[in-house]
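Everything on this sheet refers to the single structure shown next.
The analysis underlying the following values was restricted to heavy atoms, covering all of them including side chains, and did not include hydrogens, waters or symmetry mates. Everything numeric in this text was worked out from a predicted model, so none of it was measured. Indexing begins at 1, ligand by ligand and atom by atom, following the structure's order.
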Amino acid sequence: MLETGTADCRIVVMVSGGGTNLQAIIDGVESGAITNTKIVGVISNNKNAYALKRAEKSGIPFRCVSPKDYASREIFNEELLKAVDEYAPDLIVLAGFLVVIPPAMIRAYQNRMINIHPSLIPSFCGKGYYGLKVHEAALARGVKVVGATVHFVDEGTDTGPIILQKAVEVKQGDTPEILQRRVMEQAEWKILPRAIDLIANGKVTVQENKTIIEE
Ligand code: GAR
């Protein structure tokens with residue numbers, strides 16, 4: 001029999017902190033800005049992450065997999081991959097997940113794992129650039145334009161194919177915290193839901209480390 005309709009894209013969102021990007025995804029699914037998508041699970045490495053409360057409030061299954069609970073990094077890596085696999089996701093979304101992704105997970109989810117980074121890659125990215133540090137570095141360099149990037153995750157740090165980027169203006173007197181908030185509001189919370197919607201609707205393909213977006 002011929003099947004009709006598109007099955008929902010099952011996504012797992014991985015978090016470490018406040019979870020404002022997770023909230024933007026939840027809101028996007030609820031409002032219909034993100035279609036064909038079901039958030040099937042949220043995983044945190046940090047049991048105190050407020051992001052887990054957000055998952056709970058929205059009735060989304062969640063769990064914590066912390067390196068602290070395992071004897072070695074290898075065992076943690078295996079357990080993390082197992083936890084992800086149990087949700088059987090079509091797409092993994094790293095939304096402020098500040099843990100190095102195990103190589104086996106990168107291989108298993110090639111072109112099915114995306115990350116939001118709070119800069120215009122290739123500026124202010126790579127090892128050591130995460131969270132507020134990115135904005136501190138941008139202000140220290142005195143750049144006038146910053147932004148955010150959604151990209152597929154590959155073996156490098158912030159080196160995978162870029163899906164979407166959005167620029168944000170730096171203003172006189174910005175602190176790292178003020179700039180971080182503006183980048184979230186004007187860029188991250190917009191491009192991450194948009195990227196998920198595009199992928200869930202089959203509009204993104206990867207060719208030679210670049211993406212082609214069918215708008
Ligand atoms: C976001 O700004 C995200 O871009 C950043 O962590 C923050 C998480 O905030 N991610 C990275 O720096 C990854 N290298 P949230 O928990 O409120 O979404």
Would you say ligand 1 has an N or O under 3.5 Å from any N or O of M184?
no
Kindly indicate whether the side chain of L198, heavy atoms from C-beta on, has any atom under 4.5 Å from the side chain of E215.
yes
Please list, chain by chain and in numerical order, all residues satisfying side chain to side chain donor-acceptor pair (under 3.5 Å) with N45, sequence neighbours excluded.
S16
C125 versus T157: any side-chain heavy-atom pair under 4.5 Å?
no
Please report the interatomic distance CG(D174) to NE2(H135), rounded to the nearest 0.5 Å.
10.5 Å
Mind checking what makes salt bridge (charged side-chain N to carboxylate O under 4.0 Å, His left out) contact with K82, not counting sequence neighbours?
E79
Could you check whether the rings of F76 and Y70 sit parallel, tilted or perpendicular, using 30° and 60° as the cut-offs?
tilted
Output yes when the distance from some N or O of ligand 1 to some N or O of G131 is under 3.5 Å, and no in every other case.
yes
Could you tell me which atoms of ligand 1, counted from 1 in the order shown, lie closer than 4.0 angstrom to a heavy atom of E188?
1 (C), 2 (O), 3 (C), 4 (O)
So for ligand 1, is Q180 a polar contact partner (N or O within less than 3.5 Å, distance only)?
no
Taking 4.0 angstrom as the limit and counting only heavy atoms of Y130, give me the atoms of ligand 1 inside it, by number and element.
12 (O), 14 (N)
V183, L132, I116: member with heavy atom nearest to atom 10 (N) of ligand 1:
I116
I want to check something: taking the side chain as every heavy atom from C-beta on, are I43 and L80 in contact at a cut-off of under 4.5 Å?
yes
Nearest protein heavy-atom contact for atom 16 (O) of ligand 1: which residue, which atom, what distance?
G19 N, 2.7 Å
Give the atoms of ligand 1, by number and element, whose distance to some non-hydrogen atom of H117 is under 4.0 Å.
14 (N)
Between T20 and ligand 1, is there a nitrogen or oxygen pair with a distance under 3.5 Å?
yes
Starting from atom 11 (C) of ligand 1, locate the nearest protein heavy atom and write down its residue, its atom name and how far away it is, to 0.1 Å.
P118 CD, 3.6 Å
Regarding T37 and D8, do their side chains bring together a donor and an acceptor under 3.5 Å, going by distance alone?
no
Is there any N or O on D158 that sits under 3.5 Å from an N or O of ligand 1?
no
G96 heavy atoms, cut-off 4.0 Å: which ligand 1 atoms fall inside?
6 (O), 8 (C), 10 (N)
